[in-house]
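Written out below as structure tokens is the structure these notes cover.
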Amino acid sequence: MSLEKLKETVAKVFHEVDVVIGYKQGFDPLHATPCFITMPEQVDQLIWNPLCVQNLTSYLPFLKKKVGIVVKGCDSRTIIQYMQEGLIKRDNIVIVGLPCTGIISVKKVLHEIDNQPVESITFRDGSNVVVKTVKGQKILSLSDVCPDKCSTCQYPTPLIYDHLIGEPIKSDKPPESVYEDIREFEKKPLKERLEYWEKEFDRCIRCYACRNACPMCICQDSCIAETRDPHWMSQKLSITEKFMFHMIHAVHLAGRCVECGECERVCPMGIPVNKLKKKINLEMKELFGYEPGVNLEDKPPMYTFNVEERKIEEHKL
Amino acid sequence: MAQVGYLPKEKEKAFFETLSKNALVYVPCLEGDTVIFRPFSPERTLCFERSANIPPKTIIFPQSETLFSFDYKKNADDPQKTAIKLETNQEYPDVIIFGARPCDAKGFKIFDRVFMDTDTPDTYYKDRREKTVIVTISCESPSAGCFCTAVGGGPADKEGSDAIITELEKGYFIEPVTEKGKAIIKEPFIEDGSPYQKEAVERQKAANDMLKNPFSTDLTKISPSLFNSDEFWEQVVSKCISCGACTYLCPTCYCFNITDEQAVNKGERIRSWDACMFFHYTLEASGHNPRPTKFQRFKNRVGHKFVYYPEKYNGVIACCGCGRCIRYCPVSVDISEIVGYLRGSGIEPLKGPSKDGANAG
């Protein structure tokens, strides 16, 4: 049982660090919540199942402690990217890796069950989700209610870890599927795409959940969306301002976004903000052949330059 | 004249169209999977099945509003002298919020004590508030995280509503609460509601019984020693990511910021929502920040609702239990769990020797 192995491992890791971050059950049966273990008896609260959606690595750059961290395959890319950018010290973290067969999207599950409160949820054979509400029981296929990132997941097993819970899993998803949604979307005429974004961003309330949940948004309290000196962005609530914020967010993540999808998952207004980041990542991939958070030896393209960049024509003028 | 009204479902759109002739009618609309208040128009998809993602507070207390515009004019004869022209526009339309939830309506009562029922009312808020009619819809079932009955509300609570409607099988039962609300049942398409009263009351009661009280005891007193313990806040708030979702989605959070946005000689003074979760919230001009950590800021949010506001306003709790801050929190921080600890109910999170226990002294 991988949960027992996880608890056993965390109990051991606990003695080497100040805090271990894992998952525990949240306020209702549909939600998990991050669990900061500072007492040995808390280890028993740990859970491991498709409810464990958060990318826990977001806390790492801000914790001035020795931390044990539970990561899924996708989350592990963040750690590699952090290390490439010098944001964390490898010696200060102990990584407990969990090979993952996919998580749920809370929003997608809620959509399927008419937003009813969940009375119980069970996972069957790693492919089905049985959800009980006052309206009765519904069996959902995990592949229908997983976040988009899981349907094209290339890295189900963490790329970096100190302890691995269970056997490594290989991806069975074709690599070219990762950006299929973006390529499809780009086929639409420019006007249609603009209208799409204007409609979506109209709902934005600038709560900055997308920014704060983003592991690579490391400016945080110094974000230009809020600073008054210099005063870059207006406090007015026009589409232009909202657009501006989201474009800055996306551009700041060029060649850095590890595509964990946290920005989109946390949006309380249901805005598909991850699309923008994926688009920019696709550009970076085509231009520099770089994929963030995959290989520790890589140099992120925005951290270096070649005088004669192979795919950039402008310098040949 | 009937005391209560009834609107058959098939006349719903026609009713809203008629209402829209004389007022701006905000209704909860479905956009994707998100429910949001929008001015009524026939092509929108109305959604009365669940509470909106964001409460209607933004209609009376906009997220961003221009308080006034200013224009500096130099005197051509004496360049040392500058005249300033100020302009303000407080011509607000008549508004009907149709389909708010009882918790949303109660939120406005929390606002009223601060912005209106004082010697120095906030005219921007007051003018809008007085021109708004709030028609709530009683809740048929709770959403995840709802706890209104634990903070003095309920799925058919009337506080703050001008009229309250209850969805029945084929229509809506309408019960006026205030004089403003009585005008609603005089509108076209509204029939006599008395034959439906019994059914409506039964539905309201059934909904009430479905709500859970997250607090395991009736104790309402907050433990001062726990409330003032840094260790407690660090324990319960470590996972908070300091975004503003909880406060911006809260029907009772009213903190704001004021910014002058000026280009050359002209500009505007803007009032926009602020959130105590943000670092800049209490950042002072000197650079000093009295609440530099998220623990202190979070303590302020809970304190404002469950300690400071009640102290100032006769024990009234500034939380309406709508559950949005729990439902939409990126990391599922649960305010009812935290208040439960503070009230001494539930399990105290700090039992057992802490890792930092040696230094806690």
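We name chains A, B, ... by the order of the sequence lines, and we start the count at 1 in each one.
- The CZ atom of B:Phe147 sits 11.5 Å away from atom CZ of A:Phe27, with the distance rounded to the nearest 0.5 Å.
- Within the 3.5 Å criterion, the main-chain N or O of B:Ser64 finds no donor-acceptor partner in the side chain of A:Gln235.
- Taking every heavy atom of both residues into account, A:Ile205 and B:Ile54 meet most closely at CG2-CD1, 3.5 Å.
- In terms of heavy atoms, A:Ala32 sits closest to B:Ser332 at O-OG, 3.6 Å.
- Counting heavy atoms from C-beta outward, A:His31 and B:Val331 have side chains that stay 4.5 Å or more apart.
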message: Evaluate B:Thr259 against A:His231 for side-chain contact (heavy atoms from CB on, under 4.5 Å), listing each step before the verdict.
response: CA-CA 10 Å; B:Thr259 316; A:His231 192 164; 3.1 Å; yes

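- In terms of heavy-atom pairs under 4.5 angstrom with chain A, the leader among B:Gly244, B:Cys146, B:Ser143 is B:Gly244.
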field: A:Asp202/B:Arg38 under side-chain contact (heavy atoms from CB on, under 4.5 Å): CA gap, chis, key distance, verdict
entry: CA-CA 11 Å; A:Asp202 187 42; B:Arg38 297 285 196 200; 3.0 Å; yes

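- At most 12 heavy atoms of other shown residues, nucleotides or ligands fall within 6.0 angstrom of atom NZ in B:Lys205.
- Among all heavy-atom pairs drawn from B:Ala245 and A:Ala209, the shortest one is CB-CB, 4.5 Å.
- Rounding to the nearest 0.5 Å places CD of B:Gln235 at 10.5 Å from CZ of A:Phe36.
- Open room surrounds CE on A:Met244; 12 or fewer heavy atoms of other groups in view lie less than 6.0 Å from it.
- Salt-bridge check for B:Lys294 with A:Asp221: failed, with every basic side-chain N at 4.0 Å or more from each acidic carboxylate O.
- Few gaps surround NE2 on A:His249; more than 12 heavy atoms of other groups in view lie less than 6.0 Å from it.
- Counting non-hydrogen atoms of other residues, nucleotides and ligands closer than 6.0 Å to NZ of A:Lys132 gives a total of 12 or fewer.
- Across all their heavy atoms, B:Pro330 and A:Gln54 have their closest contact at O-NE2, 3.6 Å.
- Inter-residue side-chain proximity for A:Gln116 and B:Ser141 is flagged as met; some heavy-atom pair is nearer than 4.5 Å.
- For B:Ser242, the parts sitting under 4.5 Å from any heavy atom of chain A are the backbone and the side chain alike.
- Of the two parts of B:Ile241, the backbone and the side chain both hold a non-hydrogen atom closer than 4.5 Å to a non-hydrogen atom of chain A.
- Without hydrogens or angle criteria, A:Asp28 side chain to B:Ala144 main chain gives no donor-acceptor distance under 3.5 Å.
- Contacts between residues 265-273 of chain A and chain B, defined by a heavy-atom separation under 4.5 Å, are made by A:Arg265, A:Val266, A:Pro268, A:Met269, A:Gly270.
- Put simply, of B:Ser336, B:Ser238, B:Cys329, the one with the most heavy-atom pairs under 4.5 Å next to chain A is B:Ser238.
- Contacts of residues 267-285 of chain B with chain A at a heavy-atom distance below 4.5 Å involve B:Glu268, B:Ile270, B:Ser272, B:Phe278, B:Phe279, B:His280, listed in sequence order.
- Within the 3.5 Å criterion, the main-chain N or O of B:Lys239 finds a donor-acceptor partner in the side chain of A:Tyr59.
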